[in-house]
Amino acid sequence: MQSIPLVRESEATDERAREAFRDIKGALRVPLVNLIFQAWAAYPRFLDVTWRRLRPSVLTVEFAELAGSINAKVREGTHSWPIADHADLLRARAVGENELQRMREIVDLFTEVNPKLAILATAVDIALSRKPVGGVGTKGPHREEERERPKEFRGVRFTIIEERDAPPRVRSIYEDMKLTLGLPFIETEYRAMASYPDWLEVWWKDCKPLAQDQQYQALGAEISKAAVEAAKLLPHRLYLSDDLVESCDIDETKRVELRRSNGTFVRLLPGLIMNLEVARRGLG
């Protein structure tokens, strides 16, 4: 499986990438730069021009509604899934209420932002296939009292447990997750959950059999389809013309590589969204 080049926030030296990272966190109200943007940052000019074209849509009420509709679909689709009371199981392991609350904050962050990332990744996938996407416009000016402000998550703090630094118990779960879910790497969400190994263990014990069920596969396909439809309804048009892409120092070979890496996130995000919903429901 081919690796995906990533530019981590702490390693970004190109000022365009650094500025885009800062703006992405501000627009999404999150404390970290998700891996998909780190993948785009392997081509700093591409990250810069693409984010500039996506940002106006991200800041609209309509974008929040599109992401919310995906979240609603996920919650409806998982409503009948058998999910244990993870909070109660963790209390039995002497996990305190303060820790449970921090876990809920982590889950709330990712369940809010991941549907947005699915839409953005899908829009870029379409645009990289030389097709324009979005551009349906907005419903017009919104009064301030009608505008749904993005939830504020920049104050959420957590530790990331890298694969190379993970204790044996966590590393074993990581390997099982990669094998079961077909992951080329352990995503940020799971590495954040791993800062509480008991939580990761309890959640994965519940999530693993669900991820192998036909209902899971069917819902994942529905989420992918919903992300495509949402991308088409972005308020502002995204068109990555050949001239624009070439101006980012991306030739045809690099364009194929970029679409492959972005396509990895298009493939992984539906499962990630479902898995985090299992975690959210488990914590009550």
Side-chain angles (χ1 to χ4, degrees), residues 34 64-93 95 97 99-119 121-122 151 153 158 169-170 172-184 186-230 264-284:
N34 188 274
E65 291 173 348
L66 291 169
S69 68
I70 292 178
N71 244 336
K73 179 180 290 291
V74 174
R75 293 184 183 185
E76 180 183 356
T78 59
H79 179 72
S80 63
W81 290 8
I83 298 172
D85 186 337
H86 299 170
D88 199 45
L89 292 170
L90 290 168
R91 290 187 190 100
R93 299 189 183 199
V95 174
E97 292 302 323
E99 289 177 296
L100 288 173
Q101 182 55 35
R102 285 194 289 273
M103 294 174 197
R104 292 187 183 105
E105 290 174 355
I106 293 170
V107 166
D108 285 346
L109 159 63
F110 291 121
T111 54
E112 177 78 11
V113 76
N114 283 341
K116 297 178 179 179
L117 300 181
I119 297 170
T122 301
K151 293 181 181 177
F153 292 105
F158 46 84
R169 176 165 60 135
V170 169
S172 176
I173 296 171
Y174 280 175
E175 291 304 317
D176 194 26
M177 289 172 64
K178 286 200 286 188
L179 183 64
T180 303
L181 301 174
L183 303 179
I186 296 297
E187 292 148 295
T188 303
E189 291 80 349
Y190 306 133
R191 288 182 284 131
M193 293 172 70
S195 60
Y196 301 96
D198 283 325
W199 179 26
L200 185 72
E201 187 173 77
V202 165
W203 161 80
W204 180 238
K205 184 178 180 181
D206 226 9
C207 192
K208 181 178 178 178
L210 291 171
Q212 297 168 306
D213 190 275
Q214 283 189 336
Q215 288 185 339
Y216 182 97
Q217 308 304 326
L219 181 57
E222 287 185 33
I223 296 169
S224 295
K225 183 178 178 181
V228 171
E229 294 307 310
T264 298
F265 295 99
V266 173
R267 175 178 69 84
L268 294 180
L269 275 159
L272 187 58
I273 290 168
M274 290 185 289
N275 296 346
L276 267 291
E277 177 59 16
V278 171
R280 188 191 72 84
R281 289 238 338 252
L283 291 175

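Keep in mind that this is a model prediction, so the values were computed, not measured.
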(request) Supply the atom-to-atom distance Met193 CE to Phe110 CZ, rounded to the nearest 0.5 angstrom. (result) 10.0 Å
(message) Using 0.5 Å steps for rounding, measure from the CD atom of Glu97 to the CZ atom of Arg91.
(response) 4.5 Å
(request) For the residue pair Leu210 and Pro82, establish whether any side-chain heavy-atom pair is separated by less than 4.5 Å. (result) yes
(message) Testing the basics here: between Gln217 and Ala211, what is the closest heavy-atom pair and its distance to 0.1 Å?
(response) NE2-O, 3.0 Å
(request) Would you mind telling me which of Ile273, Asn34, Val113, Ile106 makes a side-chain contact (heavy atoms from CB on, under 4.5 Å) with Glu189? (result) Asn34
(message) I need the minimum non-hydrogen distance between Arg104 and Ala87, along with the two atoms involved.
(response) NH2-CB, 4.0 Å
(message) What I want to find out is whether Glu99 reaches Arg93 closely enough, with some N-O distance under 4.0 Å, to be called a salt bridge.
(response) no
(request) Quick one: closest heavy-atom pair of Arg169 and Asp198, and the distance? (result) NH1-OD1, 3.0 Å
(request) Nearest 0.5 Å please: distance from the CZ atom of Arg267 over to the CG atom of Leu183. (result) 7.5 Å
(request) Please step through side-chain contact (heavy atoms from CB on, under 4.5 Å) for the pair Tyr196 and Arg102, ending with a clear verdict. (result) CA-CA 10 Å; Tyr196 301 96; Arg102 285 194 289 273; 3.1 Å; yes
(message) Return the CZ to NE2 distance between Arg281 and His79, rounded to the nearest 0.5 Å.
(response) 7.0 Å
(message) Exactly one of Phe158, Trp199, Tyr174, Trp203 should register a ring-ring contact (aromatic ring centres under 6.0 Å, His included) with Tyr190. Which one does?
(response) Trp203
(message) If we ignore hydrogens and angles and just use 3.5 Å, is the side chain of Thr111 paired with the main-chain N or O of Asp108 as donor and acceptor?
(response) yes
(message) What I'd like to find out is whether the side chain of Ile83 reaches to under 4.5 Å of the side chain of Glu277, using heavy atoms alone.
(response) no
(message) Can you confirm whether Gln212 is buried at CD, in the sense that more than 12 heavy atoms of other residues, nucleotides or ligands lie under 6.0 Å from that atom?
(response) yes
(message) How close do Ala67 and Lys116 get, counting heavy atoms only, and between which atoms?
(response) CB-CG, 3.5 Å
(message) Determine whether a donor-acceptor pair (N or O, by modelled atom type, separation under 3.5 Å) exists between the side chain of Asp206 and the backbone of Ala84.
(response) yes
(request) Taking all heavy atoms of Val107 and all of Leu276, pick out the closest pair and write down the distance. (result) CG1-O, 3.9 Å
(request) For Leu283 and Leu90, run side-chain contact (heavy atoms from CB on, under 4.5 Å): C-alpha distance rounded to whole Å, both residues' side-chain angles, the deciding distance at 0.1 Å, then the answer. (result) CA-CA 9 Å; Leu283 291 175; Leu90 290 168; 4.2 Å; yes
(message) Assess the residue pair Leu117 and Leu272 against the criterion (side-chain contact (heavy atoms from CB on, under 4.5 Å)); give the C-alpha distance rounded to whole Å, side-chain angles, the decisive distance to 0.1 Å, and a yes or no.
(response) CA-CA 11 Å; Leu117 300 181; Leu272 187 58; over 6 Å; no
(request) Measure the spacing between CG of Asn114 and CD1 of Ile70 and express it to the nearest 0.5 Å. (result) 10.5 Å
(request) For Glu175 and Lys178, run salt bridge (Lys or Arg N to Asp or Glu O under 4.0 Å): C-alpha distance rounded to whole Å, both residues' side-chain angles, the deciding distance at 0.1 Å, then the answer. (result) CA-CA 5 Å; Glu175 291 304 317; Lys178 286 200 286 188; 3.6 Å; yes
(request) Would you give the length of the straight line joining atom CD1 of Ile223 to atom CG of Asn71, rounded to the nearest 0.5 angstrom? (result) 9.0 Å
(message) Test side-chain contact (heavy atoms from CB on, under 4.5 Å) on Thr78 and Leu219; report intermediate values, then the result.
(response) CA-CA 8 Å; Thr78 59; Leu219 181 57; 3.6 Å; yes
(message) Using every non-hydrogen atom in the two residues, find where Ala118 and Ala227 come nearest and quote the distance to one decimal.
(response) O-CB, 4.0 Å
(request) Check whether any side-chain heavy atom of Leu268 sits under 4.5 Å from a side-chain heavy atom of Pro184, and report yes or no. (result) yes
(message) Salt bridge or not between Lys225 and Glu222? Use side-chain N to carboxylate O under 4.0 Å.
(response) no
